[in-house]
Amino acid sequence: MTEHMTVSDTAATPVKTLPDAQTVTEVEHYTDRLFRFRVTRPASLRFRSGEFVMIGLMGDTGKPLLRAYSIASPAWDDELEFYSIKVQDGPLTSKLQHIQPGDPLILRPKPVGTLVHDALLPGKRLWFFATGTGIAPFASLLREPETYERYDKVILTHTCRDVAELRYGAELVESIRNDEMLAELIGEGFADKIVYYPTTTREESPKMGRITDLLRDGTVFRDLGIDGISGDEDRAMVCGSLGLNTDMKAILEGYGLREGANSEPAEYVVEKAFVG
Ligand code: A2P
């Protein structure tokens, strides 16, 4: 797509004739950097909560411009939800941020990923460590009944620059805690298993600092009344920037956790959040 073209130009391209075209059903903007959208789900699409798919729009060459996006909705949902960054000069998100309900979206129905229950050995506590849009796969897993069947405690840490960027996660946790259908599926009291630990780095909030620093100096454990993280009981999933992932790997390995994969489950798994 050339610079002067608009999204309505994009919508006018014959995307609907592609077999992989879905329709946008809902869009919600949180900040000038973040938004969420929902699309129709291909009837044949099966995925495991936590996986990602390739989605995108038609590019200027007539070829689809696709990027890997974690599915933020759970496997049982009728629609698919995505949570995205907006990058003003990003090849895809500079256009994607303008989508409206009714617009077409290309979705390759081939889900993959390592942030899945199958890649972890059984444990007692499951930690989700997210920064920014890295919360997306955990938004899926937090709405997945299996998560609560497998673990006694599910701890979501989310570090963002400012308070406004925490809103998606805060609303998500609130809605899950009040979700009667989930309570019916999983059992009353499931909400007590969820621990939400939001932190900010660039704006004053009740808890400030990078999660990595708060782990290293023991603040997280003091705040949550937990002795620490150990390979015996704790399992972890990490999703954020390259820097977060590298730092968290070192921290978790220091606690004795080993990186797992679908083919060889272990104690923690990592995936990079999409940033462009
Ligand atoms: P910071 O403000 O100190 O860079 P972004 O919006 O750039 O993706 O960042 C999301 C959040 O992730 C920010 O709060 C940022 O903190 C934090 N962050 C960035 N790199 C790391 C890292 N290596 N370890 C922990 N947190 C990080």
Side-chain angles (χ1 to χ4, degrees), residues 30-31 33-34 50 70 72 83-85 113-116 119-120 123-142 147 151-174 176-177 193-231 233-260 266-275:
Y30 292 89
T31 67
R33 292 208 317 141
L34 294 167
S70 288
Y83 183 52
S84 179
I85 193 96
T114 54
L115 302 180
V116 291
L120 292 177
K124 288 217 164 104
R125 268 191 308 241
L126 177 60
W127 296 77
F128 293 140
F129 294 107
T131 55
T133 57
I135 195 175
F138 307 138
S140 174
L141 284 157
L142 279 165
T147 302
Y151 295 94
D152 297 339
K153 276 268 176 274
V154 180
I155 304 167
L156 169 67
T157 84
H158 192 202
T159 301
C160 290
R161 295 180 185 189
D162 55 40
V163 174
E165 294 189 346
L166 290 172
R167 197 178 116 213
Y168 176 77
E171 289 181 356
L172 172 84
V173 170
E174 181 68 15
I176 293 171
R177 285 184 171 140
K193 292 188 171 185
I194 305 171
V195 178
Y196 175 49
Y197 194 81
T199 84
T200 57
T201 51
R202 303 191 193 184
E203 186 188 9
E204 198 72 42
S205 77
K207 185 54 62 179
M208 295 205 55
R210 289 180 167 195
I211 192 65
T212 41
D213 295 332
L214 299 170
L215 284 167
R216 287 192 197 102
D217 71 9
T219 304
V220 179
F221 305 125
R222 279 193 298 281
D223 287 345
L224 302 182
I226 289 173
D227 285 343
I229 291 180
S230 84
E233 299 200 333
D234 292 279
R235 301 293 174 260
M237 296 190 183
V238 182
C239 190
S241 62
L242 207 53
L244 172 90
N245 292 2
T246 306
D247 293 351
M248 279 305 306
K249 275 171 102 145
I251 290 172
L252 293 171
E253 302 221 344
Y255 296 143
L257 278 65
R258 296 162 305 149
E259 185 167 2
E267 289 90 28
Y268 80 91
V269 281
V270 178
E271 213 157 72
K272 195 170 156 293
F274 170 58
V275 288

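A quick note: this is a predicted structure, and the numbers were derived from the prediction, not measured.
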A.B. asks: Go through the structure and list residues passing salt bridge (Lys or Arg N to Asp or Glu O under 4.0 Å) with K249, not counting sequence neighbours.
C.D. replies: E259

A.B. asks: Checking E174 now: which residues fulfil salt bridge (Lys or Arg N to Asp or Glu O under 4.0 Å) with it, not counting sequence neighbours?
C.D. replies: none

A.B. asks: Just to verify, what does T131 make a side chain to side chain donor-acceptor pair (under 3.5 Å) with, not counting sequence neighbours?
C.D. replies: none

A.B. asks: Is a side-chain donor or acceptor of E271 paired with a backbone partner of T114 at a separation under 3.5 angstrom?
C.D. replies: yes

A.B. asks: T199 and side chain to side chain donor-acceptor pair (under 3.5 Å): which single residue from D213, T159, T157 fits?
C.D. replies: T159

A.B. asks: Any pair with a residue in residues 233-246 that passes salt bridge (charged side-chain N to carboxylate O under 4.0 Å, His left out), sequence neighbours left out, goes on the list, sorted by first then second residue, please.
C.D. replies: K124-E233, R125-D234

A.B. asks: Could you pull out all residues at least two apart from S205 that satisfy side-chain contact (heavy atoms from CB on, under 4.5 Å)?
C.D. replies: V163, T200, M208

A.B. asks: Tell me every residue that passes salt bridge (Lys or Arg N to Asp or Glu O under 4.0 Å) with R167, counting only those two or more places apart in sequence or in another chain.
C.D. replies: E28, E171

A.B. asks: What residues, two or more places apart in sequence or in another chain, satisfy side-chain contact (heavy atoms from CB on, under 4.5 Å) together with V154?
C.D. replies: F128, L142, T147, Y148, Y151

A.B. asks: With sequence neighbours excluded, tell me which residues meet salt bridge (Lys or Arg N to Asp or Glu O under 4.0 Å) with E203.
C.D. replies: none

A.B. asks: Can you list the residues that meet the side chain to side chain donor-acceptor pair (under 3.5 Å) rule with D217, with sequence neighbours excluded?
C.D. replies: T219

A.B. asks: With sequence neighbours left out, what residues match A236 under side-chain contact (heavy atoms from CB on, under 4.5 Å)?
C.D. replies: W127, F129, L252, L257, Y268

A.B. asks: List in chain and number order the residues that pass side chain to side chain donor-acceptor pair (under 3.5 Å) with Y83, two or more places apart in sequence or in another chain; answer none if no residue qualifies.
C.D. replies: none

A.B. asks: Who are the side-chain contact (heavy atoms from CB on, under 4.5 Å) partners of A130, not counting sequence neighbours?
C.D. replies: I135, F138, H158

